[in-house]
S.K.: 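Would you mind keeping the following structure in view while I ask a few things?
Just so it is clear: chains get the letters A, B, ... in the order the sequence lines come, proteins before strands, and each one is counted from 1. We use all heavy atoms of the structure for the numbers below, so side chains are in, but hydrogens, waters and symmetry mates are not. This one's a predicted model, so the numbers in the text were calculated from it and none came from an experiment.
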Amino acid sequence: MKHDSLQQMLSTRFAAALAQVAGTTAVPADAGLRLAGDPQFGDYQCNAAMALAKTLKIKPREVAERIKAAVEPLLGDVVEPLEVAGPGFINIRLRNEFLARHLAEIPAPELCSHVPTFPHSHAPVDRVGLAPVTQPLRVVVEYSQPNIAKQMHVGHLRGTIIGDVFARALAFEGHDVIRQNHIGDWGTQFGMLIRWYREHPLPTSATHGDVLEAIENDYRAAQERFKQDPAFADEARLCVGQLQSGDPVARHVWQQICAESWRAFTEIYARLGVLLTPDDVRGESFYNDRLEPLVAGLRQELSPAGSQCDSLRAEVRDDQGAVCVFMYDEQGQPRFKAPDGSHLPMIIQKSDGAYLYATTDLAAIRFRLRDLEFPTGRGAQRVIYVTDARQKLHFQMFFECARLAGWVGPDVSVEHVTYGSVLGSDRRPLKTRDGKNVKLRELLAEAEARAYELLRSRDEGTEARRHEAGEIAAPLSDDERRHIARRVGIAAVKYADLCRDRNGDYVFSWDTMLAMQGNTAPYMMYAYTRIRSIYRKAVDRGGTADVYAPDVKLALDHPTERALALRLARLREAIDDVASNLTPHTLCAYLYELAADFMRFYESCPVLAADDAVRLSRLRLCDLAARTLRLGLGLLGIEVIERM
RNA sequence: GCGCCCGUAGCUCAGUAGGAAAGAGCGGCGGUUUCCUAAACCGCAGGUCGUAGGUUCGAGUCCUAUCGGGCGCGCCA
């Protein structure tokens with residue numbers, strides 16, 4: 001089992017050599033080791049000589065030569081002779097024997113059941129030879145955050161998909177991941193609904209096909225009535241109080257609404273292949289009775305003479321009837337400003353006594369870091385919030401406030417991971433034709449329908465013809481096609497979202513995401529089925545039993561074999577990258593390159609027709625490629641299929 | 001007014017704590033199928049990296065201005 005990526009392995013050796021050349025015992029944190037910019041320069045390169053030349057006042061190429069001399073004994077038979085090139089680059093090419101050995105160490109699939117896979121499939125995960133981290137962190141990932149009594153819509157799509165990748169990748173790395181779905185299940189809006197259901201029946205599955213849709217319609221009707229009927233509005237406000245004070249009737253209606261909402265959310269999550277379950281729900285209501293003491297506590301922590309952190313400071317003060325946290329910078333100037341230039345506070349209690357998002361967030365982080373009861377009894381060391389970029393200011397204020405209050409220590413990492421909006425082809429936020437939010441339920445149905453249509457139109461011609469020509473055993477049955485269409489459709493939506501840098505806005509396009517060429521889910525899934533097809537045929541011919549036998553030597557003589565092998569050997573780098581930088585698109589890029597490398601290998605290296613030794617070697621490469629694709633796509637929350 | 005994000009090929013986007021001649025896909029043009037799925041593969045064409053300064057041996061990448069687009073900024077989440 002491997003802990004270090006190739007890059008880390010090379011980097012530590014070069015770092016040691018650098019220290020030696022620089023004449024220090026301090027090993028540099030960065031040995032300047034990068035992927036080679038161009039294949040002609042090898043696989044990796046070390047760029048540290050130029051920088052070191054400056055401090056040593058020696059010519060860069062001379063420094064490079066010294067590094068080369070110092071590092072070569074450390075590298076053994078890992079690399080071909082190093083080359084110093086250009087102004088002082090050191091080009092590194094891994095030896096084929098090393099690459100082959102490296103891959104040969106990946107054992108036949110050993111399944112691990114500690115990593116979550118898909119909601120409906122509890123198949124253990126094939127780690128493809130990658131070891132978990134030795135020092136796992138407890139990581140909270142908060143994502144999705146739908147609102148009770150409303151259907152999930154496109155606005156929830158990105159956060160749900162992206163957050164799920166973090167949960168998966170971090171869990172795979174061996175961290176102790178706690179998913180948290182901070183659902184909006186509390187607040188004044190429930191007064192209207194509770195009041196409404198005094199005189200209307202609560203929708204049930206017996207009366208409505210989509211219960212949540214019915215509740216949402218009622219909610220809109222109640223809002224309308226709230227605006228027009230003052231008596232109704234007053235009663236609705238009273239209902240809020242009843243709910244908060246635990247009135248059994250109000251409480252019951254609220255619980256029913258929540259239960260129906262969760263049911264609908266869970267259905268969407270399962271269909272999307274997202275890990276979130278009702279167990280992960282800890283909504284705003286959960287923190288309700290912690291809010292009053294929290295505000296009181298914050299008054300203590302942030303009193304003007306109270307605890308301070310660095311030179312920043314904050315104070316709690318009532319302003320215009322609201323309880324506010326005012327934050328100041330090192331110069332004593334306001335940290336945040338309103339449009340009119342006045343000091344912008346973070347409001348933690350409204351003038352009417354109600355609490356806000358900020359208050360709940362503070363309560364939640366306190367809970368996660370201090371109170372969360374887990375087997376080992378420790379709180380989270382890393383908390384990741386996945387929300388859209390527009391909430392940036394809120395999180396900035398919230399994080400600073402929590403730090404200033406001393407609730408988030410220096411050893412804890414809190415991260416706001418943002419993403420851009422989903423836009424339509426008009427570059428405006430994606431809406432339906434009549435200007436409404438696109439329901440996730442409908443969007444996913446369309447994805448599946450479009451994928452089905454794609455398969456059907458393709459099959460009309462080629463599949464039947466290929467069956468007649470004896471090229472394939474049987475055309476797809478309609479059931480299979482529906483199954484495949486579901487996987488491909490959902491995968492297309494998720495992959496299209498994940499494969500671009502999450503910071504920017506992104507233009508939603510069915511045609512782009514369902515394309516068979518390019519960096520898309522269908523292309524990758526197709527590559528996987530091609531590999532599996534070879535393997536099936538090999539099994540039919542009885543030639544796969546021993547691909548992982550110790551005497552099978554991986555031959556990397558053809559350039560496409562070598563390129564594929566190198567890519568496979570870099571899996572660890574790709575996964576480490578997502579887990580530490582929280583950038584799903586870099587894993588997508590890796591997998592796309594892997595699929596493309598496989599396709600090129602496939603075009604130029606016959607597998608089944610090759611002689612025994614070569615066939616087994618290539619078959620093993622194929623299987624490693626399939627396993628790597630399945631794992632990588634699985635970490636992206638995408639399930640592969642065996643045929644397309 | 002202040003703050004954040006974005007600006008790279010006709011289009012959609014990569015470009016990894018500054019490193020060698022700027023990369024994909026789509027679209028365009030041209031090739032490849034007695035061969036494991038042609039839903040593929042290969043080749044060609046196409047860029048003053050918004051603009052102007054600066055730092056550096058070296059800048060798409062860092063700094064400062066500036067233009068253009070998006071978003072945010074007291075009792076919403």
S.K.: Strictly under 3.5 Å: I want the nitrogen or oxygen pairs between protein and nucleotides 43-45 of chain B, one per line.
M.R.:
none

S.K.: Would you say the side-chain atoms of A:Q391 and A:Y357 include a donor-acceptor pair closer than 3.5 Å?
M.R.: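 Present: a donor and an acceptor within the cut-off.
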
S.K.: Quantified in whole Å, what is the P atom distance between nucleotide B:rC35 and nucleotide B:rG19?
M.R.: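 Each nucleotide's P atom is 47 Å from the other's.
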
S.K.: Reckon A:Y523 touches a base, only the sugar-phosphate, or nothing at all at heavy-atom distances under 4.0 Å?
M.R.: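 Sugar-phosphate contact only - A:Y523 comes under 4.0 Å of backbone atoms but never of a base.
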
S.K.: Pick the P atom in B:rU61 and in B:rA22, then give their distance to the nearest Å.
M.R.: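 Looking at atom P only, B:rU61 and B:rA22 are 14 Å apart.
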
S.K.: Under a 3.5 Å threshold, yes or no: a donor from one side chain and an acceptor from the other, between A:N519 and A:Y495?
M.R.: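 Result is yes, a qualifying pair exists.
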
S.K.: Summarise protein proximity over nucleotides 56-64 of chain B in one line of letters, 5' to 3': B for base, S for sugar-phosphate only, - for none, counting protein heavy atoms closer than 4.0 Å.
M.R.: SB-------

S.K.: Starting at CE of A:M644 and ending at P of B:rA38, how long is that distance when rounded to a whole Å?
M.R.: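 Going from A:M644 (CE) to B:rA38 (P), I get 13 Å.
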
S.K.: Name the nucleic acid region contacted by A:T529, choosing base, sugar-phosphate or nothing; use a 4.0 angstrom heavy-atom cut-off, strictly under.
M.R.: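 A:T529: base contact, heavy atoms under 4.0 Å.
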
S.K.: Would you classify A:N91 as touching base, sugar-phosphate or nothing, given that sugar-phosphate means primed atoms plus P, OP1 and OP2, and contacts are heavy atoms under 4.0 Å?
M.R.: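 Contact class for A:N91: base.
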
S.K.: Could you work out the separation of B:rG46 and B:rA24 based on their C1' atoms and round it to a whole Å?
M.R.: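 It works out to 14 Å between them.
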
S.K.: Look at all strands and tell whether A:C605 reaches a base, only sugar-phosphate, or nothing, counting heavy atoms closer than 4.0 Å.
M.R.: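 Answer is base: heavy atoms of A:C605 come under 4.0 Å of a base.
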
S.K.: Determine, for A:D43 against A:R562, whether the closest basic-nitrogen to carboxylate-oxygen distance falls under 4.0 angstrom.
M.R.: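 A salt bridge is present here (some side-chain N lies under 4.0 Å from a carboxylate O).
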
S.K.: Using a 3.5 Å limit on both distances, find every run of at least three consecutive Watson-Crick or G-U pairs that involves RNA chain B.
M.R.: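 If one scans RNA chain B for consecutive Watson-Crick or G-U pairs, the stems found are B:1-7 with B:67-73, B:10-13 with B:23-26, B:28-32 with B:40-44, B:50-54 with B:62-66.
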
S.K.: Quickly work out the A:Q333 CD to B:rG3 P distance and round it to whole Å.
M.R.: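 Atom CD in A:Q333 sits about 14 Å away from atom P in B:rG3.
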
S.K.: Would you say that A:R572 contacts A:D4 through its side chain, given a criterion of any heavy-atom pair below 4.5 Å between the two side chains?
M.R.: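 A side-chain contact is absent here, since even the closest heavy-atom pair is not under 4.5 Å.
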
S.K.: Atom CZ of A:F399 to atom P of B:rC4: distance rounded to whole Å?
M.R.: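 Spelled out: CZ on A:F399 to P on B:rC4 is 17 Å.
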
S.K.: Taking all heavy atoms of A:A64 and all of A:I90, pick out the closest pair and write down the distance.
M.R.: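 Heavy-atom minimum between the residues: O-CD1, 3.7 Å.
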
S.K.: Are A:R299 and A:D318 within salt-bridge range, i.e. N to O under 4.0 Å?
M.R.: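 A:D318 and A:R299: salt-bridged.
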
S.K.: Tell me whether the centres of the aromatic rings in A:F601 and A:H558 are closer together than 6.0 Å.
M.R.: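 A:F601 vs A:H558: aromatic centres not under 6.0 Å.
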
S.K.: Could you work out the separation of B:rG27 and B:rA9 based on their C1' atoms and round it to a whole Å?
M.R.: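 Approximately 12 Å lies between the C1' atom of B:rG27 and that of B:rA9.
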
S.K.: Within a 6.0 Å radius of atom NZ on A:K150, are there more than 12 heavy atoms belonging to other residues, nucleotides or ligands?
M.R.: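 Count not over threshold, so no.
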
S.K.: If the cut-off is 4.0 Å, is A:S533 near the phosphate of B:rU37, judged by side-chain N/O to OP1 or OP2?
M.R.: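 Looking at the OP1 and OP2 atoms of B:rU37, one of them is under 4.0 Å from a side-chain N or O of A:S533.
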
S.K.: A:L608 has an atom CG; how far is it from atom C1' of B:rU37, in whole Å?
M.R.: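 About 13 Å, once rounded to whole Å.
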
S.K.: Using whole Å, what does the distance between atom P of nucleotide B:rG23 and atom OH of A:Y590 come to?
M.R.: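 Roughly 22 Å, once rounded to whole Å.
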
S.K.: With nearest nucleotide decided by heavy atoms, which residue, A:V607 or A:L35, maps closer to the 5′ end of RNA chain B?
M.R.: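 Comparing both residues, the 5'-ward one is A:L35.
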
S.K.: For atom P, what is the distance between B:rG18 and B:rG1, given to the nearest Å?
M.R.: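 Roughly 33 Å separates the two P atoms.
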
S.K.: With a 3.5 Å cut-off and no angle check, do the side chains of A:Q180 and A:Y143 form a donor-acceptor pair?
M.R.: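 Side-chain D/A pair, A:Q180 to A:Y143: absent.
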
S.K.: Any chance the side chains of A:E315 and A:Y328 put a donor and an acceptor closer than 3.5 Å?
M.R.: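 Distance-only check passes for A:E315 and A:Y328.
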
S.K.: Please report the distance separating the C1' of B:rU48 from the corresponding atom of B:rC44, rounded so that it comes out in whole Å.
M.R.: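 Rounded to whole Å, the distance is 23 Å.
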
S.K.: Can you tell me if A:R530 touches the phosphate of B:rA40, counting only side-chain N or O atoms and a distance under 4.0 Å to OP1 or OP2?
M.R.: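 The answer is no; no side-chain N or O of A:R530 sits under 4.0 Å from OP1 or OP2.
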
S.K.: When all nucleic acid strands are considered with a 4.0 Å heavy-atom cut-off, which category describes A:A53: base, sugar-phosphate, or nothing?
M.R.: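 Nothing: the residue A:A53, judged by heavy atoms under 4.0 Å, touches no strand.
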
S.K.: Does A:E453 come within less than 4.0 Å of A:R450, counting only side-chain N to carboxylate O?
M.R.: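 Answer for the salt bridge query: no.
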
S.K.: Can you check whether A:H585 has a side-chain N or O nearer than 4.0 Å to OP1 or OP2 of B:rG15?
M.R.: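 Yes, because at least one side-chain N or O of A:H585 sits under 4.0 Å from OP1 or OP2 of B:rG15.
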
S.K.: Expressed in angstrom and rounded to an integer, what is the separation of A:R335 atom CZ from B:rC4 atom P?
M.R.: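 Nearest whole value for this atom pair: 11 Å.
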
S.K.: Go through the side-chain N and O atoms of A:D576 and A:S5 and say whether any donor and acceptor fall under 3.5 Å apart.
M.R.: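 No pair is found: no donor N or O on one side chain lies under 3.5 Å from an acceptor on the other.
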
S.K.: Strictly below 4.0 Å, N to O, side chains only: are A:D612 and A:R615 in salt-bridge contact?
M.R.: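 Salt bridge: yes.
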
S.K.: Provide a list of protein-nucleic acid N or O atom pairs under 3.5 angstrom, restricted to nucleotides 24-32 of chain B.
M.R.:
none

S.K.: Report yes if the side chains of A:L33 and A:Q7 come closer than 4.5 Å at any heavy-atom pair, otherwise no.
M.R.: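 Side-chain contact under 4.5 Å: yes.
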
S.K.: Are the charged groups of A:D597 and A:R600 less than 4.0 angstrom apart, N to O?
M.R.: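 Looking at A:D597 and A:R600, the cut-off is met.
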
S.K.: Within this structure, what is the CG-to-C1' distance between A:D329 and B:rG3, rounded to whole angstrom?
M.R.: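 Checked: the CG to C1' distance equals 14 Å.
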
S.K.: Roughly how many Å is it from CZ in A:F395 to C1' in B:rG3, rounded to a whole number?
M.R.: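 It works out to 17 Å between those atoms.
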
S.K.: Compare the minimum distances between each of B:rA14, B:rU37, B:rA21 and the side chain of A:R643, then state the nucleotide with the smallest one.
M.R.: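 Nearest to the side chain of A:R643 among the choices is B:rU37.
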
S.K.: Test the A:R530-A:F598 pair against the cation-pi criterion, namely NZ or CZ under 6.0 angstrom from the six-membered ring centroid and within 45° of the ring axis.
M.R.: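 Verdict for A:F598: no cation-pi partner in A:R530.
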
S.K.: Applying the 5.5 Å / 30° rule, does A:Y602 stack onto the base of B:rA40?
M.R.: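 So no, this residue does not stack on that base, at least one cut-off failing.
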
S.K.: When you check every protein heavy atom under 4.0 Å of nucleotides 69-77 of chain B, what one-letter string (B, S, -) results, 5' to 3'?
M.R.: -SSSBBBSB

S.K.: C1' atom, B:rU33 versus B:rA40: distance in rounded Å?
M.R.: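 Between the two C1' atoms, the distance is 10 Å.
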
S.K.: I'd like the C1' distance from B:rC4 over to B:rG43, given in whole Å.
M.R.: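 It works out to 44 Å between them.
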
S.K.: Would you call A:R428-A:D426 a salt bridge at under 4.0 Å N-O?
M.R.: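 A salt bridge is absent here (no side-chain N lies under 4.0 Å from a carboxylate O).
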
S.K.: Looking only at side chains, do A:S342 and A:D340 share a donor and an acceptor under 3.5 Å apart?
M.R.: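 A donor-acceptor contact under 3.5 Å links the two side chains.
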
S.K.: State which residues pass side chain to side chain contact (heavy atoms under 4.5 Å, CB included) with A:S413; sequence neighbours excluded, sorted by chain then number.
M.R.: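 A:R382, A:E415.
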
